[in-house]
There are 2 protein chains.
Amino acid sequence: MPDLWAEVEKVLDIRFSRALQVMLFLAVAAENGSGPLSSADLAHRLNANPSLVRKLLVPLTEEGLVVCVKGRSGGARLGRPADGITLAEIYRCAVGDKPLFAPSPGVEPVCSVTAHGGEYFAALTAEAEEAVLASLGDRTLADSVGELRRLCAGHAPEG
Amino acid sequence: MPDLWAEVEKVLDIRFSRALQVMLFLAVAAENGSGPLSSADLAHRLNANPSLVRKLLVPLTEEGLVVCVKGRSGGARLGRPADGITLAEIYRCAVGDKPLFAPSPGVEPVCSVTAHGGEYFAALTAEAEEAVLASLGDRTLADSVGELRRLCAGHAPEG
DNA sequence: TAAAAAGCAATCGATACAGTTGCAGTTTAC
DNA sequence: GTAAACTGCAACTGTATCGATTGCTTTTTA
């Protein structure tokens, strides 16, 4: 048990964060023209287990965002150029069908207000989710790599 | 144990949904000019436990969205007119400081891309969250009550 | 003064997610 | 042809968080 991260964040849903990290690593690998990254490679970079990484990769592969090649010297690479992949797509893969807001169990319609509460809440959720996807859709994976490089340069201590 | 909701939803975070329902009940109560609703009243409408409702009410009270009066014939009422309360405020109360996306535990900065990953992800999260709040901020509680009434009328079977 | 309400702490239970292990299948390097 | 290195997958464990309940104290008013 590594206490590297003794102050580990609470266990919430970190799948999006992880998926994004994986995609960023694959993006820079694609830039560098290196071959596919094995799950062991990625796991090392993420400080995680290779099998866990492979599980993370499943939905991304299903959606065509990454391509996994089996066998010796296999691994994962981007399924498309990094400037054609938006963060919204990565988000969708990572969280699946899980809605942004969960509805409470249906109460019996006791009055005019509760009668269509579920319907209304679903519409509300859909709209908020669209707003999130629009926000994430503005950025491509290539944008993110560039942004991170700029952050790095900005904070570089040497003149 | 009521198996009314035998098909109970998975346990996700339904606090926003619950809080919104409570506020809707309080809004119609305010419209009707009736006195404060007791936690037992609300619990009955929500098919829940009075104590659970009181816990739900805590953050809403702290933020001034509802006012709770103690003692006999006490209860909860809106702290402000319904057209001055947005769904964004209710959301903030319900979920507290919990960020929309959770960051993964910090990995050591092994390359230029991971170095500021946490920073970048936090910015991403903040922007998405703002989008959600903007979406929810468009609607007031009064709007919601009106919308639900319209849904009801629209579905009315009689000509 | 007793009833009725909020407030609060402790606790139980369920679920979803994080992570691990182990092995079967596949492909390539040699 | 075979062994190494990889993915794919299933079963499993652990645990934090949230849903929900119980029981008590405090407050107010009828």
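Labels below follow one simple rule: chain letters A, B, ... track the order of the sequence lines, proteins then strands, and each chain is numbered from 1.
- Evaluated for a side-chain contact (heavy atoms from CB on, under 4.5 Å) with B:Leu37, the options B:Val53, B:Val66, B:Val22, B:Leu26 yield exactly one hit, B:Leu26.
- A salt bridge is defined here as a Lys NZ or Arg NE, NH1 or NH2 lying under 4.0 Å from an Asp or Glu carboxylate O, and A:Arg80 with A:Glu63 fails to meet this definition.
- One atom, CG of A:Asp13, and another, C1' of D:dC18, lie 14 Å apart when rounded to the nearest Å.
- Under 4.0 Å is where a charged nitrogen must lie from a carboxylate oxygen, and between B:Arg149 and B:Glu31 at least one such pair does.
- Computed from coordinates, the A:Ile14 CD1 to D:dT17 P distance equals 12 Å when rounded to whole Å.
- Regarding A:Leu46, its CG atom lies at a distance of 10 Å from the P atom of C:dG19, rounded to whole Å.
- Listed by chain and number, the residues in a ring-ring contact (aromatic ring centres under 6.0 Å, His included) with A:Phe121 are B:Phe16 (sequence neighbours excluded).
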Taking protein heavy atoms under 4.0 Å as touching, what does nucleotides 21-30 of chain C look like 5' to 3' if B marks base contact, S marks sugar-phosphate-only contact and - marks none?
BB---BBBS-
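- Look at CG on B:Leu56: it is 15 Å from P on C:dC8, rounded to the nearest Å.
- For the helix from C:dT1-D:dA30 to C:dC30-D:dG1, the axis fitted to the five pairs at one end and the axis fitted to the five pairs at the other end meet at an angle of 10° (nearest 10 degrees).
- A side-chain N or O of B:Arg54 and one of B:Ser39 form a donor-acceptor pair less than 3.5 Å apart.
- A:Leu26 places its CG atom 14 Å from the C1' atom of D:dT7, with the value rounded to the nearest Å.
- Which of C:dA6, C:dC17, D:dT7 sits closest to the side chain of A:Ser39 comes down to D:dT7.
- For the pairing with B:Cys68, the side-chain contact (heavy atoms from CB on, under 4.5 Å) check across B:Leu60, B:Leu57, B:Val58 returns one residue only, B:Leu57.
- Judged by distance alone, with hydrogens and angles left aside, A:Lys55 brings a side-chain donor or acceptor within reach of the base of C:dT20, the pair sitting under 3.5 Å.
- Using a 4.0 Å cut-off between charged side-chain N and carboxylate O, B:Glu129 and B:Lys98 make no salt bridge.
- Taking only side-chain atoms of B:Arg15, from C-beta outward, the nucleotide of C:dC17, C:dG19, D:dC18 with the closest atom is D:dC18.
- The separation between A:Asp97 atom CG and C:dA16 atom C1' is 15 Å, rounded to whole Å.
- Although no hydrogens or angles enter the test, the distance criterion places no donor-acceptor pair under 3.5 Å between the side chain of A:Thr140 and the main chain of A:Ile85.
- For A:Leu57 and C:dA18, the CG to C1' distance is 17 Å, given to the nearest whole Å.
- Residue-level contact check: A:Val58 touches neither bases nor backbone, having no heavy atom under 4.0 Å from any strand.
- Going from atom CZ of A:Phe101 over to atom P of D:dC18 covers 15 Å, rounded to whole Å.
- At a threshold of 4.0 Å, the pair B:Arg150-B:Glu147 counts as salt-bridged, since one of the basic side-chain nitrogens sits closer than that to a carboxylate oxygen.
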